[in-house]
Novice: 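My questions all concern the structure below.
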2 protein chains.
Amino acid sequence: MNELTGAIGVPRDAQKEWVRGRARVMAVPDRSRQVIPACVGPVQHGASMVARHPVTGQCLTAETDDAPPVDVDLARCYVPVHSRWTSPTATIKGGRMAKLTIRDIAALSGLSKSTVSLVLNNSPKVDPATRRHVLAVMRRNRYVPSFAATALAKGSTRLIGMVVPGLSWHMVASINLGVAAVTEQHGFDIILYTATNDRDYGSLIDRVLTSSMSSGLLVVSHEQPLEPLVQLHQEGMPVVLVNTIDADVALPSVTADNYDGARTAMDHLMQLGHERIACVQGLMRYRCCQDRYRAYLDALREAGIQPDPELTKPGDFVPEQIRARSRELFALPADQRPTAVFAQSDVTAYGVMTAAAEAGLRVPEDVSVLGFDDIESAAQIRPPLTTIQQPFVEMGKRAAELLLSEIGTNDDDPGTGAEPVGEKPLADLPRLVMPTSLIVRASCGPAPVTRSRRGRSQTTKA
Amino acid sequence: MNELTGAIGVPRDAQKEWVRGRARVMAVPDRSRQVIPACVGPVQHGASMVARHPVTGQCLTAETDDAPPVDVDLARCYVPVHSRWTSPTATIKGGRMAKLTIRDIAALSGLSKSTVSLVLNNSPKVDPATRRHVLAVMRRNRYVPSFAATALAKGSTRLIGMVVPGLSWHMVASINLGVAAVTEQHGFDIILYTATNDRDYGSLIDRVLTSSMSSGLLVVSHEQPLEPLVQLHQEGMPVVLVNTIDADVALPSVTADNYDGARTAMDHLMQLGHERIACVQGLMRYRCCQDRYRAYLDALREAGIQPDPELTKPGDFVPEQIRARSRELFALPADQRPTAVFAQSDVTAYGVMTAAAEAGLRVPEDVSVLGFDDIESAAQIRPPLTTIQQPFVEMGKRAAELLLSEIGTNDDDPGTGAEPVGEKPLADLPRLVMPTSLIVRASCGPAPVTRSRRGRSQTTKA
DNA sequence: CTGAAAGCGCTTACAG
DNA sequence: CTGAAAGCGCTTACAG
């Protein structure tokens, strides 16, 4: 009996055969790609060597090439010997176990691949008992279908791409929570593309397309031109914008009702008796900031108050600028100074509050400050910030639902994926606008009495 | 000439043929899955109809079934007619264009699939001119290789899974930034698994395994038992823990140096003359919080100060509790009251500052407050928070690098993937501990003079 | 209800 | 340097 030293291989011509009852295996040199070192077990049955199936643990007897085949009973330890063991990709490296395939499960459960596949796909055509049996075999052997093979055969990946900006993570986090909740429900996974800066974004979109692996795209607060996406969408790729920054793009979108939110904020302030209300703006090239500012102006005008241009300050979401502009606000003579400030974001509000403190003004006694977003720390700072909450989680959910319906999940609903898209008019694209909510905390109080009845105009010249 | 009304199909037996020079195509009924409505173009060359290749725009003449084939010169408008057009997955729905395959590129450039594939894989064996030509054809036709097919053939997905908790998003965001930077560099993409709550986590891990699509796993701040992951890792799946919460898990990990960070924090406070320093703890079942607390105690002891148990308060990262426990701290008689508080997180520090304000104490004049994390708003609040910054971005980068080296990217480095993993001793697992940095802002000041020289013990009983 | 066969779109030895 | 062929692990009509 030849003493082998740890290598067992399968002869090429045996690769496609299932070995039952009798094993015909040869020894191969160590450096061969056919070596299966991890599978070598103790000598048994008088054969020269035994290979152990890496996952099932079942045995395959082996012998040297020149020795005659040894007759052993392998009926009870069925072992699939197929090319998997010797194929390049399946080469067992680092002791990593070879993965079972549908073939193994078929063999192990005594059925054909087709039947196993039908079980895998919940086909009603399979006998319940058969089904249970196959499922048991799978579970016992920790079988996991190959994602790539399934995707290739089915022609779809159950993967959606989510493109997010490198910053604004409170928002991204909440949106993701919503998205994850619904994608999980439908058996989709998310592949995350993070735009780290402007330069990367173009190549990022390229990547998304190049990888060709997502069935749809969720684009969060894009900072970059959307033409490539529009084109993609017209070619049939499902795309949904969440919290879009542009105004009128020919793409389905989910946004917060920024106008209404800002109106609510202004109403709250005016109900507290404020009339000289300042606005520290965000990035005015964003649609959302434009909407919030429009609401600010409209609210004042409808209350019969002429907006004072002195009370509008650009902040651009840049901390230093926010503070500098706010200081100007608080350096105004007492009768021209605002009694309340509507900040277009919570972080902006923080800057306003800092400037107020520097000017010796108390919040909310001397000046009220109202934010937008309701970020995590808004409730924790002093004083807790009154703000407008954006429904990011809900927005994420709705966006994911929209996207999945465009993709057409193979659940019950057929999806709209079958409709032609190309020339759809702008008006027909779904555009969800989600309501915001006012979160009343402590940073807004009644307008100081001395100034609250000064007349119906913000401008001192009126 | 038969008038067709918009449907062109390919006869079954022609599916595998490339049609050169002469097209033999038949009309099919509208409801047939062979219909290619989007491809119908104007009549040309005396044929009854012309189909336009959906992507290349090239033409295929067609005629009714019973009409004789029309002889046209298609040599210059080469058209691949293969099963792709009529296969179930390729059915053109919603006007979505059929995707080009490697076959089309091969035909379009007059080469074999193999050569095109070699070009795709940057093989040096291809003639540079050939290469350029093929690349040009691909670009012109916007060819994108099928991700699924590549993954199946290559046996690897270039996808890594990232498991993140539903909360703590500042951290997740920063870590992701780092991870994304390095994965992008190596052509890997991230698939994001969000653990929304405890109950979901188990099934989430199941999903990760079941989907079988990632080549490796990055687990961020896991909240759940790690046994399944350890087992997975021993079976050969690359796994790296980032910011792990447990102490000694048999898994490679990247963490911040919490002990050292806390020591630095304490040193800063003590250099400012503080001796009665309180600690508001985070979740003490977390390794990081234990380390920070150990550092707190060690720092005091090494300075010859006996830690006063009264000055240690559990906060558990719960805002209400943090505030309540902090109030107890500030309700202490003046000589027992801490002059500084080391909060185990920035949000915890916010709670401490709120309680201080409620107690009429000024920060930092009456009491200094020091945080941990350096979250976004730490610089924006009043007063700006002095804190320990965790190098999350860097941690993400290193973790990704670690993971990729375990996977063995097919770049130049062979990776460590070839080594056996199974029985690796704990000590051999890579465990990166990244340095933190002290960010000095305004929330810490010198200890109040009246109490700064009271002797070397925190306890009043000493 | 089950099996044999062809196909999904790539990659990769193996021959020329 | 290029091409023909087999293979990756699934799915899906099509016959029984």
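Naming convention: chains lettered A, B, ... in sequence-line order (proteins, then strands); numbering from 1 in each chain.
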Novice: Is any N or O donor-acceptor pair between the side chain of B:Ser112 and the base of D:dA4 shorter than 3.5 Å?
Specialist: no

Novice: Take the protein atom CG of A:Asn122 and the nucleotide atom C1' of D:dT11, then report the distance between them rounded to whole Å.
Specialist: 14 Å

Novice: Measure the distance from CZ on A:Phe147 to C1' on D:dT11 and round it to the nearest whole Å.
Specialist: 15 Å

Novice: Starting the side chain at C-beta, find the nucleotide from C:dG9, D:dC10, C:dT2 nearest to B:Thr101.
Specialist: C:dG9

Novice: B:Leu152 has a side chain; which of C:dG9, C:dC10, C:dG7 sits nearest to it?
Specialist: C:dG9

Novice: With the side chain of A:Leu111 defined as its heavy atoms from C-beta on, choose the nearest nucleotide among C:dG3, D:dT12, C:dT12.
Specialist: C:dG3

Novice: By side-chain hydrogen bond (donor to acceptor under 3.5 Å, both in side chains), which residues pair with A:Thr150, not counting sequence neighbours?
Specialist: none

Novice: Show me the dot-bracket string of DNA chain D, counting Watson-Crick or G-U pairs under 3.5 Å, with | for pairs to another strand and [ ] for crossing ones.
Specialist: |||.||||||||.|||

Novice: Could you check which of C:dT11, D:dT2, C:dG7 has an atom nearest any side-chain atom of B:Thr115?
Specialist: D:dT2

Novice: Which of these nucleotides, C:dG3, D:dC10, D:dT2, is closest to any side-chain atom of B:Asp127?
Specialist: D:dT2

Novice: Can a donor-acceptor pair be found, under 3.5 Å and without considering hydrogens, that links the side chain of A:Asp104 to the backbone of A:Leu100?
Specialist: no

Novice: Nearest to the side chain of A:Ser114, heavy atoms from C-beta on, is which of C:dA5, D:dC10, C:dT11?
Specialist: C:dA5

Novice: Would you find a donor on one side and an acceptor on the other, under 3.5 Å apart, between the side chain of B:Ser215 and the backbone of B:Ser156?
Specialist: no

Novice: So if I take every side-chain heavy atom of B:Ile102 and compare against C:dT2, C:dC10, D:dT11, which nucleotide ends up nearest?
Specialist: C:dC10

Novice: Between D:dT11, C:dC10, D:dG3, spot the one nearest the side chain of A:Ser117, thanks.
Specialist: D:dT11

Novice: Carefully, step by step, assess A:Leu218 and A:Val163 under the rule side-chain contact (heavy atoms from CB on, under 4.5 Å).
Specialist: CA-CA 6 Å; A:Leu218 232 37; A:Val163 182; over 6 Å; no

Novice: Between A:Arg103 (CZ) and D:dC10 (P), how many Å, whole number?
Specialist: 11 Å

Novice: Could you state the atom-to-atom distance from CG of B:Asp104 to C1' of C:dC10 in whole Å?
Specialist: 13 Å

Novice: Looking only at side-chain atoms of A:Leu118, point me to the closest of D:dC1, C:dG9, D:dT12.
Specialist: D:dT12

Novice: Atom NZ of B:Lys113 and atom P of D:dC1: how far apart are they, to the nearest Å?
Specialist: 22 Å

Novice: At 4.0 Å (heavy atoms only), tell me whether B:Thr150 reaches a base, stays on the sugar-phosphate, or touches nothing.
Specialist: sugar-phosphate

Novice: Taking atom C1' in both D:dG16 and D:dT12, compute the distance separating them and give it to the nearest angstrom.
Specialist: 16 Å

Novice: Name every residue in residues 129-140 of chain B that has at least one heavy atom under 4.0 Å from any atom of DNA chain C, in order of residue number, or write none if there are no such residues.
Specialist: none

Novice: Distance check: side-chain N/O of B:Tyr143 vs OP1/OP2 of C:dG9, anything under 4.0 Å?
Specialist: no

